[in-house]
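Each chain gets a letter, A, B and so on, in the order the sequences are listed, and its residues count up from 1. Every value quoted in this text rests on a predicted model; they were computed, and no experiment measured them.
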There are 2 protein chains.
Amino acid sequence: MKTVIDKFRDFNRYYTRILGLLDDHLLNSPYSLVEARILYEIHQQGPVSASQILSEVNMDKGYLSKVLKQFAKSRLISKQRSGEDARVSLISLTAKGLKSFHALNAASHEQIEQLISNLNKQQQHQLIAHMEGIRKLLSVPAPPKDS
Amino acid sequence: MKTVIDKFRDFNRYYTRILGLLDDHLLNSPYSLVEARILYEIHQQGPVSASQILSEVNMDKGYLSKVLKQFAKSRLISKQRSGEDARVSLISLTAKGLKSFHALNAASHEQIEQLISNLNKQQQHQLIAHMEGIRKLLSVPAPPKDS
DNA sequence: CTGAATTAGTTGATTAATTCAACCAATTAC
DNA sequence: GTAATTGGTTGAATTAATCAACTAATTCAG
């Protein structure tokens, strides 16, 4: 009999594949998965510092710096020095960057739409309920020590 | 209000991160995520051909060939020509490969254990139920055309 | 049967992705 | 004020991944 942990790992393999499929299709765009994710974060968080992005995305800061440099070079983002702390640059999407983001977004949206196209409304909501259930459970805090 | 698709994508970002965390920790091993996955498939499927692995894992066949070559060089796997079809090699783990696999496996197991350590039995089963629910829903087939 | 097309897998060349440590400049802590 | 820390950049190096060309074995079509 499979243990809870085995089943968890089964799901991880399964979902890795789902995510992989989505990426592949998304890759009619010139952006890699992480680039897309970075664009997303910049879009989401308005003017944002590199370290704020890092705290969301979990990657090497040197690498992020290079990706951002590329983005700046191709005019997807603009940087503005923070008044509060002159070390940090606040990054925003340019109009061009926003456009790229929207294109990516639409492609990704379409992929998911495809994926759930066979589900009726009720099933779709069940699906989301499962996802939210997982998140909730995986963020259950440790019980307080009764010291 | 967020749509079903938006929520689905939220979950994808969330779960990407979960998977990323697991990988990172797994990477006290000398193996990359895909290498680990390949070892897993060889272990799982007994003597297996490269193309069978490809059908599970979804990667470039040239790249897989190189990874397998490395594995062979470091004596993790052995190849044996298939009697049925002389083009295919059937791949198995050597004793050394099995040992490496077990080490990886134990590390991965431990990670998950950690992740669910705050959950009681009932919550753990809920978690698995959610995962299985997702799998089931995402494999709902298209309705037959009533032609 | 015979030649054309397909399939399994390999290889070399090339590009893309990622890491790493050293580093500068600004800020905070002592 | 000086030391330590933080935000970010850079160059060098390594690793990962792609791609097309290729060999050899197999299948398919006539």
Over all atoms of both residues, closest heavy-atom pair of Ala50(B) and Leu64(B): O-CD2, 3.4 Å

Check: Val88(B) main-chain N/O paired with Ser82(B) side-chain donor or acceptor under 3.5 Å: no

Parallel, tilted or perpendicular: ring planes of Tyr40(A) versus Phe101(A), cut at 30 and 60 degrees: tilted

For Arg81(B), side chain to side chain contact (heavy atoms under 4.5 Å, CB included) partners two or more places apart: Ala86(B)

Members of residues 51-79 of chain A that approach DNA chain D, where some heavy atom sits under 4.0 Å away: Ser51(A), Lys61(A), Gly62(A), Ser65(A), Lys66(A), Lys69(A), Lys79(A)

First and last nucleotide of DNA chain D, 5' to 3', lying under 4.0 Å from heavy atoms of chain A: dT6(D) to dA12(D)

Ion pair check, Asp10(A) and Arg13(A), cut-off under 4.0 Å: yes

Heavy-atom check, side chain of Ile77(A) versus side chain of Leu68(A), under 4.5 Å: yes

Polar-atom pairs under 3.5 Å, protein N or O versus N or O of nucleotides 27-30 of chain C: list them with distances, or write none.
unit_1  : atom_1 : unit_2   : atom_2 : d
dT27(C) : OP1    : Ala86(A) : N      : 2.7

Salt-bridge criterion met for Lys136(A) and Glu132(A) (N-O under 4.0 Å): no

Parallel, tilted or perpendicular: ring planes of Phe11(A) versus Tyr15(A), cut at 30 and 60 degrees: parallel

Non-neighbouring partners of Gln44(B) that pass side-chain hydrogen bond (donor to acceptor under 3.5 Å, both in side chains), sequence neighbours left out: none

Results of side-chain hydrogen bond (donor to acceptor under 3.5 Å, both in side chains) for Asp60(A) - residues two or more places apart only: none

